[in-house]
2 protein chains.
Amino acid sequence: MPELPDLAVYADNLMAQLKGKTVQSVDYHRDARLNTSHEELRNSLCKTSIASVERSGKEIAFFFSNNATLFVHLMLFGKFTITPDPVAVRFRVLTIGFGGSLSLVVSDPKDLVTVKVNPIPSSVPDALEIDGTYLRRKVAERPRVRAKAFLMDQAIMRGIGNAYADEILWQARISPKSTVGRIPDHAIDDFLISIRSVLTEAIEEIKRQSPEIISGEVRGFLRVHNSKRSESPTGHRIMKEKKGSQVTYFTQEQVLYI
Amino acid sequence: MPELPDLAVYADNLMAQLKGKTVQSVDYHRDARLNTSHEELRNSLCKTSIASVERSGKEIAFFFSNNATLFVHLMLFGKFTITPDPVAVRFRVLTIGFGGSLSLVVSDPKDLVTVKVNPIPSSVPDALEIDGTYLRRKVAERPRVRAKAFLMDQAIMRGIGNAYADEILWQARISPKSTVGRIPDHAIDDFLISIRSVLTEAIEEIKRQSPEIISGEVRGFLRVHNSKRSESPTGHRIMKEKKGSQVTYFTQEQVLYI
DNA sequence: GCCCCAAACAACGA
DNA sequence: CTCGTTGTTTGGGG
């Protein structure tokens, strides 16, 4: 499942391929997980064109020239495909046909993808938008939450999933089991810097390795959340812990604040 | 900390000593853990007399002739003292002076005692009031709760604490870790019978051993929740498990329903 | 091991 | 581990 950096690159690439294209057809292939009716979806996008594509949290947001918006959350297994032959795509959820016999298909073998037309914008900031004041306020509000759960809580900041939570916490040298309220002030600064640097550098790396990507993940460069690696870049053994189906990778370098 | 049987005997003995006595003074010695103001407390009990004293769950309920009620929960370390010299009692929380220079003092070194004036009566039945229909309904509502947690849940039935939960479960031959929804129907009957018999027999035993008791506990006769014993009355080794600060005593005789 | 509450944890469905 | 929800357990503070 793609996370924030992958999705950021998807957005850029979807925009590069689709900007200015006019919607000719809209087909929603199932009944559920759409915040409105099929008709409303179709009417909202009728004959308009794509103005821009952005990432917002873990969603891809399509902005249309008629001011309609379409937010797609890929969940665990969703995929984007741009193809002249949409019918060939298995597990279609949504097909948008454009002029020039090109279609954007959203597909998902597990049908977990969510699609929202003109949703109310979230009031929760994106992980790349937060500042130190906000971070400290949230830490003060939820002082007893573990650092990893804090990063992954989409009601605190949007976009960070399991893999990048581990990467950020390693970069900040904070143990995932730390209680956020116990992280000293100077380490909160590192925490914020790590959130930004890990995510923005990952975006650059994914662009470098996969300039056209609109589906799939690039994960080989991850420093600790990486089953291929046994040591962090600084030579510490990577430990792995499983809780339910969530795997956490971390090292002893990361300080446990309790 | 006293449990239901101790508290039942306290109530009888407090009533025996205080019934008919007229309140001359009311002093509340701290600010918190009272459901009303100091004034309201004082006004409610002004010049009235004690009509009866009862146990309700883990609280001692004083009923006054003006229809006022006063509920005291001793929590972990609370104590009642009847004395001509209340000032000599350490850690006083509440002092009620009666005619004849006699005072009832509620004290607590940890200040956890709660005091309620004219509280809304609880809708949860006392442990000695439930019947088979109620027990089966609650089991059906919360089938996955562990047997010990079920007995101790004051929202299911009121009055049972750590020690008597162990005693009842041993008497019923049900493991404390059983999931209540898995207890077969015939064993639910034993369960109910054990709740009643363990508690009522304990009340009789405490009365026998300590006819005047209004504070402290009588625990020597407990069959398994008893650090002095290594074997149950039927000769099975008593096992001890600690979870947080809660100690559970049980034996292999107790069937684990899962 | 008193109560309350927040948070953690588990399971499940979509 | 994606989100949401429900139910239960755990841990800290009073």
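Protein chains get the first letters and strands the later ones, always in sequence-line order, with residue 1 at the start of each. Because the structure is a prediction, the values reported are computed rather than measured.
- A salt bridge links A/Asp185 with A/Arg136: the closest approach of a Lys/Arg side-chain nitrogen to an acidic carboxylate oxygen falls below 4.0 angstrom.
- Between the P atom of C/dG1 and the CG atom of B/Leu151 lies a distance of 15 Å, rounded to the nearest Å.
- For B/Glu241 and B/Lys177, the salt-bridge test passes: some basic side-chain N is under 4.0 Å from an acidic carboxylate O.
- Closest contact between the side chain of A/Lys58 and the listed nucleotides D/dT8, D/dT2, C/dA8 involves D/dT2.
- A/Glu3 places its CD atom 6 Å from the P atom of D/dT2, with the value rounded to the nearest Å.
- Taking 4.0 Å as the cut-off between side-chain N and carboxylate O, B/Arg55 and B/Glu3 do not count as a salt-bridged pair.
- Within residues 69-79 of chain A, the residues that have a heavy atom under 4.0 Å from DNA chain D are, in order of number, A/His73, A/Met75, A/Leu76.
- A salt bridge does not link A/Asp108 to A/Arg92: none of the charged nitrogens lies less than 4.0 Å from a carboxylate oxygen.
- As a whole-Å value, the separation of A/Ile258 CD1 from C/dA8 C1' is 14 Å.
- Nearest-nucleotide assignment on DNA chain D puts the 5′-proximal partner with A/Lys243, out of A/Lys243 and B/Arg146.
- Here B/Arg196 does not pair with B/Glu129 in a salt bridge; the nearest charged N to carboxylate O distance is not below 4.0 Å.
- Between B/Gln246 atom CD and D/dT9 atom C1' there is a gap of 11 Å when expressed in whole angstrom units.
- Scanning atom types as modelled, no donor and acceptor separated by under 3.5 angstrom connect the side chain of B/Arg142 and the base of D/dG7.
- Each of C/dA14, C/dC3, D/dT8 was ranked by its minimum atom distance to the side chain of B/Val145; first place goes to D/dT8.
- A salt bridge links B/Arg30 with B/Asp111: at least one charged nitrogen is closer than 4.0 Å to a carboxylate oxygen.
- Between the CG atom of A/Leu34 and the P atom of C/dA14 there is a distance of 17 Å, rounded to whole Å.
- In this structure, B/Lys110 atom NZ and C/dG1 atom P are separated by 15 Å, rounded to whole Å.
- Base contact: B/Gly244 has a heavy atom under 4.0 Å from a base atom.
- At a threshold of 4.5 Å between non-hydrogen side-chain atoms, the residues A/Phe191 and A/Ile168 count as touching.
- Within the structure, every side-chain polar atom (N or O) of B/Lys242 is placed at least 4.0 Å from both OP1 and OP2 of C/dG1.
- With hydrogens and angles ignored, no donor-acceptor pair under 3.5 angstrom links the side chain of A/Arg144 to the base of C/dA7.
- At a threshold of 4.0 angstrom between heavy atoms, the contacts of B/Val113 with the nucleic acid are absent.
- Nearer to the 5' terminus of DNA chain D, by closest-nucleotide assignment, is the contact made by A/Asn162 (compared with the other of A/Asn162 and B/Pro143).
- The pair A/Glu39-A/Arg42 fails the salt-bridge criterion, with no side-chain N (NZ, NE, NH1 or NH2) lying under 4.0 Å from an Asp/Glu carboxylate O.
- A gap of 16 Å separates the C1' atoms of C/dC5 and C/dG1, to the nearest Å.
- Atoms CZ (A/Arg33) and C1' (C/dA14) sit 4 Å apart, rounded to a whole Å.
- Atom pair A/Glu141:CD and C/dA6:P shows a separation of 13 Å (rounding to whole Å applied).
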